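Notes follow the structure.
Reminder, nothing fancy here: chain letters follow the sequence lines and each chain counts from 1. As the structure is a prediction and not an experimental result, all values here were calculated from the model.
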2 protein chains.
Amino acid sequence: MTPKMEEFIARFRPETPCLLFDLDLLADNYRRLAAALPMAEIYYAVKANPAAPVLQTLATLGSNFDAASLAEIDRCLAAGADASRIAFGNTIKKQSDIAAAFALGIRVFTFDCAEELEKLAIAAPGASVICRIFVDNDGARWPLGAKFGCAAGAASDLLVKAQGSGLAPLGVAFHVGSQQTDLASWDMAIGQAAMIFTELRERGIELATLNIGGGVPVAYAQEVPEEAAAITAIQQSLARHFGNRMPAIMAEPGRCLAATAGMVRSEVVLATQRDGQDVRWVYLDIGKFGGLAETIDEAIQYPIVTERDGGNPVPTVLAGPTCDGADVLYQIAGYQLPAELGAGDWVEFRHAGAYTASYSSVGFNGFGPLKEYYL
Amino acid sequence: MTPKMEEFIARFRPETPCLLFDLDLLADNYRRLAAALPMAEIYYAVKANPAAPVLQTLATLGSNFDAASLAEIDRCLAAGADASRIAFGNTIKKQSDIAAAFALGIRVFTFDCAEELEKLAIAAPGASVICRIFVDNDGARWPLGAKFGCAAGAASDLLVKAQGSGLAPLGVAFHVGSQQTDLASWDMAIGQAAMIFTELRERGIELATLNIGGGVPVAYAQEVPEEAAAITAIQQSLARHFGNRMPAIMAEPGRCLAATAGMVRSEVVLATQRDGQDVRWVYLDIGKFGGLAETIDEAIQYPIVTERDGGNPVPTVLAGPTCDGADVLYQIAGYQLPAELGAGDWVEFRHAGAYTASYSSVGFNGFGPLKEYYL
């Protein structure tokens, strides 16, 4: 909660549920991260929060942008970012979208298989390409699974093939998984990437860039390593594996720039203790389908503040307002909320500036998308 | 696939992903179900598909409506349904929404605890109320968990309390869980409800209505009991437990009216066989956040038809187009799709008319909501 948010709530009493987002905090987060990673170019992961004020703020600060789709590229351009500062980072792209992005001036694309290279060679001739490798996501609270990335052993052949098809092999990318808690993950991934740089040097290709993805954890309700510790670990691994042949570094933070700048304010719709149950049920006006999708499997556990804090904490199940049984936020995470909490009281989800509003459904059960206020 | 859908695709070549929905099939489903359940009033579960043409079609056919929110009530009224044919079925309601619904003429509300009764007594004085009890959801592919319903033993006290606070106790409701495969579930639930009718008769209150919810299964790719078998089981249980004191029956079908009337058409964005993996990855332009949310935990397994059917089927993982690792549709369900399937080929999800479009995100990763065509 920031003074700007407090003032906004006091003055406008916004209808809940809503996202309040302090752009000054976002700017602070950007400056802190840029200072901590002086050797890296920051490519903000637009998907974390693609709101125009967020993109405008970051564009003004000099950020680059990692776009997941043509629509995200359009949003970055509309926010004032030059095409040269936007990378098309999704490995899964329609050929028509590649062509449209290329026509808009986008020149850096990520891929992870031969089929995607073929599309790039046709639709983005001469563009720079980065090969994404699969790396271990153990330790990530929101892992990426095996959906993205070629086997590390396949990368150098793919990059040679890229050159053969008229593309410019730029580098290697990986992602250790979102909300990564095991700092050793980066070391292993950076080590694998460094081997690919060496292999390609031996084949006559000098890669210029390493894209270290995102994954720096945010302190929600669960314990995670400090951001500074994660960054130190990354820097040490880069030095260890690349020594004095340090490539240009791209970093793709999303969550750690946007999350702490926002909070979701909601209202209790119903609270009840049912016969024979040892937990209290608290139903809010926001749930999994209204913007809190990252509570799937209770993966992300937000710090929660309520109007009745200071009261008597009791084991509580938190649920959303829809008629869907899957729309339960926390049942096993062990939240304890005040027994005094009742209908009409506010409940705030802190650090909810990333991966919330853009996830909300168009209107499941008739509940519209999350309202957003950028302050 | 219906002739109308085929003609629409041939003539307009709609951009994918999109939902094609044949209103004639919806009408057929309604007429079949109404004929099979002559003793029941059908209250269509609006959340299954709240599109205006769906509501208009059903209103014309004489359906009633089960609304989950004030917004759904507004949609039903706009579609031509009289307020007397709409029940506010969500047990979780803001008091202001109850008051607004009451002002619109809604007179039937569901509740499951004393706290909700208090709101109803204030905001909907004199309205008819139905007490929802918790029943076993074992056997449901999309269970409702413990989110809804009081203990059966608590219902009669609550209904007496309702009368004491100026509300009119109308009946008992339950829901055996969506896509229920165990036909014995209804018998147990109907038996519990009948006991509450008896208890209340002994306390001087004659309940008029039993709301048997939804849950009649749709034949997706997984084997389920026939709809007719489910309906026969329900009728037999009603006769067994209520005998010649049969109350009015409300039924709340959603899925079994809308699902088979629609299909989602998508396009392969990327298909690849990765080194060292024994499955092929097929990435589509629709995923969990674009409308196929019910693939969470692979709960609903749609029948899939592709442009290359007849080719060589191989084990396939199906994933969505976003940069999110959670956006994988089927990894363990065991789908086999043709090895020939490649970028640009169409893939259809059949029986996707319910619980799809309204679930889609406003624009996660920049991918907009599912386009919908009602034919």
TODO: For A:A68 and B:C323, work out which heavy atoms get closest and say how close.
DONE: CB-SG, 3.7 Å
TODO: Select one option (side chain, backbone, both, neither) describing which atoms of A:D97 are under 4.5 Å from chain B's heavy atoms.
DONE: neither
Open item on the list: How long is the straight-line distance from CZ of B:F364 back to CD of A:E72, given to the nearest 0.5 Å?
Closed with: 8.5 Å
Open item on the list: Looking at B:K371, I'd like to know if its NZ atom is crowded, meaning that more than 12 non-hydrogen atoms belonging to other residues, nucleotides or ligands lie closer than 6.0 Å.
Closed with: yes
TODO: Mark yes or no for whether A:R274, through its side chain, and B:D112, through its backbone, hold a donor-acceptor pair below 3.5 Å.
DONE: yes
Task: Within 6.0 angstrom of B:Q277 CD, more than 12 heavy atoms from elsewhere - done: yes
Task: Greatest number of heavy atom pairs closer than 4.5 Å to chain B - which of A:L370, A:D285, A:V46 - done: A:D285
Open item on the list: Please classify the contact of B:Y355 with chain A as side chain, backbone, both or neither, using a heavy-atom distance under 4.5 Å.
Closed with: side chain
Task: Interchain contact, B:T16 with chain A, by part (heavy-atom threshold 4.5 Å) - done: both
Open item on the list: Using the rule side-chain contact (heavy atoms from CB on, under 4.5 Å), only one of B:K119, B:Q95, B:K93 pairs with A:L270; which is it?
Closed with: B:K119
Task: Separation between CH2 of B:W281 and SG of A:C113, rounded to the nearest 0.5 Å - done: 12.0 Å
TODO: State whether the side chain of A:K47 and the backbone N or O of B:D324 hold a donor-acceptor pair below 3.5 Å, judged by distance alone.
DONE: no
TODO: Return the option, out of A:G89, A:G320, A:A45, A:G276, with the maximum number of heavy-atom pairs under 4.5 Å with chain B.
DONE: A:G320
Task: B:G366 to A:A71 - nearest heavy-atom pair and separation - done: O-CB, 3.1 Å
Task: Reported CD1-to-CG distance for the pair A:I92 and B:D327, which is rounded to 0.5 angstrom - done: 8.0 Å
Task: Aromatic ring pairing B:F289/A:Y359, orientation class (parallel under 30°, perpendicular over 60°, tilted between) - done: perpendicular
Task: B:A271 versus chain A, the contacting section by heavy-atom distance below 4.5 Å - done: backbone
Open item on the list: Looking at B:P321, is its backbone amide N or carbonyl O close enough to the side chain of A:N90 to form a donor-acceptor pair, meaning the two atoms are under 3.5 Å apart?
Closed with: yes
- [ ] Answer whether the closest heavy-atom distance between the side chains of B:K94 and A:V268 falls below 4.5 Å.
- [x] no
- [ ] Sort B:T322 into side chain, backbone, both or neither according to what part of it lies under 4.5 angstrom from a heavy atom of chain A.
- [x] both
Open item on the list: Looking at every heavy atom in both B:A357 and A:V362, which two are closest together, and how far apart are they?
Closed with: O-CG2, 3.6 Å
Open item on the list: For B:P50, which atoms come within 4.5 Å of any heavy atom of chain A: side chain, backbone, both, or neither?
Closed with: neither
Open item on the list: For A:K147, is there any backbone N or O sitting under 3.5 Å from a side-chain donor or acceptor partner on B:Y283?
Closed with: yes
Task: Check: B:N365 main-chain N/O paired with A:S69 side-chain donor or acceptor under 3.5 Å - done: yes
TODO: Measure distances from B:A146 to the heavy atoms of chain A and classify the residue's part below 4.5 Å as side chain, backbone, both or neither.
DONE: both
Open item on the list: For chain A, which candidate among B:R75, B:E118, B:E267 shows the most heavy-atom pairs at distances under 4.5 Å?
Closed with: B:E267
Open item on the list: Return the CD1 to CG distance between A:I296 and B:D297, rounded to the nearest 0.5 Å.
Closed with: 8.5 Å
